[in-house]
S.K.: 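Let me give you the structure first, and then I'll get to my questions.
FYI, side chains are in, hydrogens and waters are out, and symmetry mates aren't considered; it's all heavy atoms of this structure. One-based numbering along the sequence shown.
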Amino acid sequence: MRHDALISALLACALAAGCTSVDDWAGKKRADSEQAPAIDDGQMVADYLATLDRLGRSGAAEQAEILEATRTAYLGDPSTRNRLRYAFVLAVPGHGATDSVGARRLLGESLATPETLLESERTLAALMVRELDVRLALAQEIANLREHTTAEERDSVASLNRRLQQETAEKDRLRHELEEARKKLEAIATLEGSDRRNP
């Protein structure tokens, strides 16, 4: 009898647990379960943009503080959020620590694990990557143009130097010939003066 009662009690517990599990599988929430706090996708992006807006509007001292705070946070805890915030700060042009290459690398690392990003974070990071790729391509093109222009300028300067040397040599030659001609004329004038004195 006791054995039957124990089995009945265990079956009742198992059925109750099974029903609870089925409820959980069906998406029904238990009253006593604790839910993880939901992350507001929009608020997260708004925080990133607020940081970037502050960085763009502030002076050099505050920009340095923002940079140091985001850098310290990233180095202390290289989470996805801290990495993204630091990358976005580095990507903003116009301050002393702008680093497009470093920002592109950090954003690439973040996008390599898209499952760790909220949808709006992925969108913002991908948008920033495209902007950085364009900026880096332009910087490379400008560097190539400068290098090409510098080579042309060097060729031009070398050509001008050669012409200057040639013209200087030509002037020296003409001066020498003029000096020789002057001496000859003086010699002729001396001879003619001598002939007049001695008819």
Side-chain angles (χ1 to χ4, degrees), residues 24-25 27-164:
D24 288 345
W25 292 340
K28 296 179 181 175
K29 304 295 181 190
R30 288 172 25 183
D32 59 346
S33 67
E34 291 184 14
Q35 294 182 11
I39 298 174
D40 186 344
D41 205 356
Q43 184 58 48
M44 184 68 68
V45 172
D47 288 344
Y48 291 135
L49 296 178
T51 300
L52 300 184
D53 184 56
R54 266 184 60 218
L55 187 68
R57 292 170 181 263
S58 57
E62 190 176 352
Q63 286 176 342
E65 287 176 14
I66 294 169
L67 174 72
E68 187 56 31
T70 55
R71 180 178 176 276
T72 301
Y74 168 65
L75 293 177
D77 174 22
S79 64
T80 300
R81 307 287 178 274
N82 288 339
R83 182 189 296 121
L84 277 181
R85 191 177 303 277
Y86 184 46
F88 291 151
V89 166
L90 290 178
V92 172
H95 63 86
T98 299
D99 181 2
S100 298
V101 174
R104 178 65 178 83
R105 179 180 53 78
L106 290 173
L107 289 170
E109 290 172 5
S110 298
L111 289 170
T113 54
E115 66 279 0
T116 63
L117 302 172
L118 299 173
E119 183 178 350
S120 58
E121 286 178 319
R122 284 195 300 274
T123 302
L124 186 59
L127 182 66
M128 188 68 81
V129 162
R130 286 196 295 274
E131 196 272 333
L132 284 169
D133 284 345
V134 169
R135 197 189 307 168
L136 289 168
L138 285 174
Q140 184 60 48
E141 188 175 341
I142 289 169
N144 291 342
L145 285 172
R146 280 181 181 160
E147 184 179 337
H148 182 66
T149 302
T150 301
E152 284 182 358
E153 287 174 349
R154 280 198 300 267
D155 290 345
S156 179
V157 168
S159 175
L160 288 172
N161 281 334
R162 283 192 299 273
R163 284 180 55 191
L164 181 60

S.K.: Kindly write out the residues that satisfy salt bridge (charged side-chain N to carboxylate O under 4.0 Å, His left out) with Asp47, not counting sequence neighbours, or none if the list is empty.
M.R.: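 Asp47: no salt bridge (charged side-chain N to carboxylate O under 4.0 Å, His left out) contacts found.
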
S.K.: Taking all atoms of both residues into account, what is the closest heavy-atom pair of Ala103 and Ala87, and its distance?
M.R.: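 Residues Ala103 and Ala87, closest heavy atoms: CB-O, 3.4 Å.
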
S.K.: Looking at Arg83 and Pro78, what are the two nearest heavy atoms and their distance?
M.R.: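 Looking at all heavy atoms of both residues, the shortest contact is NH2-O, 3.7 Å.
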
S.K.: Would you call Glu121 and Arg81 a salt bridge, using N to O less than 4.0 angstrom?
M.R.: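 Looking at Glu121 and Arg81, the cut-off is met.
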
S.K.: For Leu84, which of Thr116, Leu118, Leu106, Leu117 qualifies under side-chain contact (heavy atoms from CB on, under 4.5 Å)?
M.R.: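 Among the candidates, only Leu117 passes.
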
S.K.: Do Leu90 and Leu67 have side-chain heavy atoms sitting under 4.5 Å apart?
M.R.: yes

S.K.: Using every non-hydrogen atom in the two residues, find where Arg122 and Pro114 come nearest and quote the distance to one decimal.
M.R.: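 Taking every non-hydrogen atom into account, NH1-O, 3.1 Å.
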
S.K.: To the nearest 0.5 Å, what is the distance between OH on Tyr86 and CG on Leu107?
M.R.: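 Reported to 0.5 Å precision, the distance equals 12.0 Å.
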
S.K.: Once rounded to the nearest 0.5 Å, what's the spacing between atom CG of Leu145 and atom CD of Glu141?
M.R.: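 Atom-to-atom, Leu145:CG and Glu141:CD are 5.5 Å apart.
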
S.K.: What pair of heavy atoms forms the shortest contact from Asp133 to Arg104, and how long is it?
M.R.: OD1-NE, 2.7 Å

S.K.: Does atom CZ (Arg71) have a neighbourhood of more than 12 heavy atoms from anything else shown, all under 6.0 Å?
M.R.: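 Check fails, neighbour count at 12 or below.
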
S.K.: Could I get the full list of side chain to side chain contact (heavy atoms under 4.5 Å, CB included) partners for Leu127, not counting sequence neighbours?
M.R.: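 Scan of Leu127 (side chain to side chain contact (heavy atoms under 4.5 Å, CB included), adjacent residues dropped) gives Arg130.
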
S.K.: Is there a donor-acceptor contact under 3.5 Å from the side chain of Arg85 to the main chain of Thr70?
M.R.: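 Not confirmed, Arg85 side chain does not pair with Thr70 backbone.
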
S.K.: Do Thr123 and Glu119 have a side chain donor and acceptor closer than 3.5 Å?
M.R.: no

S.K.: Report the distance from atom CG of Leu52 to atom CZ of Arg54, rounding to the nearest 0.5 Å.
M.R.: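 These two atoms lie 10.5 Å from each other.
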
S.K.: Considering only heavy atoms from C-beta outward, does the side chain of Thr51 approach that of Phe88 to under 4.5 Å?
M.R.: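 Sidechains of Phe88 and Thr51: no contact.
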
S.K.: Strictly distance-based, threshold 3.5 Å: is any side-chain N or O of His95 a donor or acceptor partner for the main-chain N or O of Ser58?
M.R.: no

S.K.: To the nearest 0.5 angstrom, please state how far the OG1 atom of Thr98 sits from the CZ atom of Arg135.
M.R.: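 So the gap between those two atoms works out to 7.5 Å.
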
S.K.: What verdict does the side chain to side chain contact (heavy atoms under 4.5 Å, CB included) test give for Gln140 and Leu136, after you've listed the backbone C-alpha separation in whole Å, the side-chain angles of each residue and the deciding distance to 0.1 Å?
M.R.: CA-CA 6 Å; Gln140 184 60 48; Leu136 289 168; over 6 Å; no

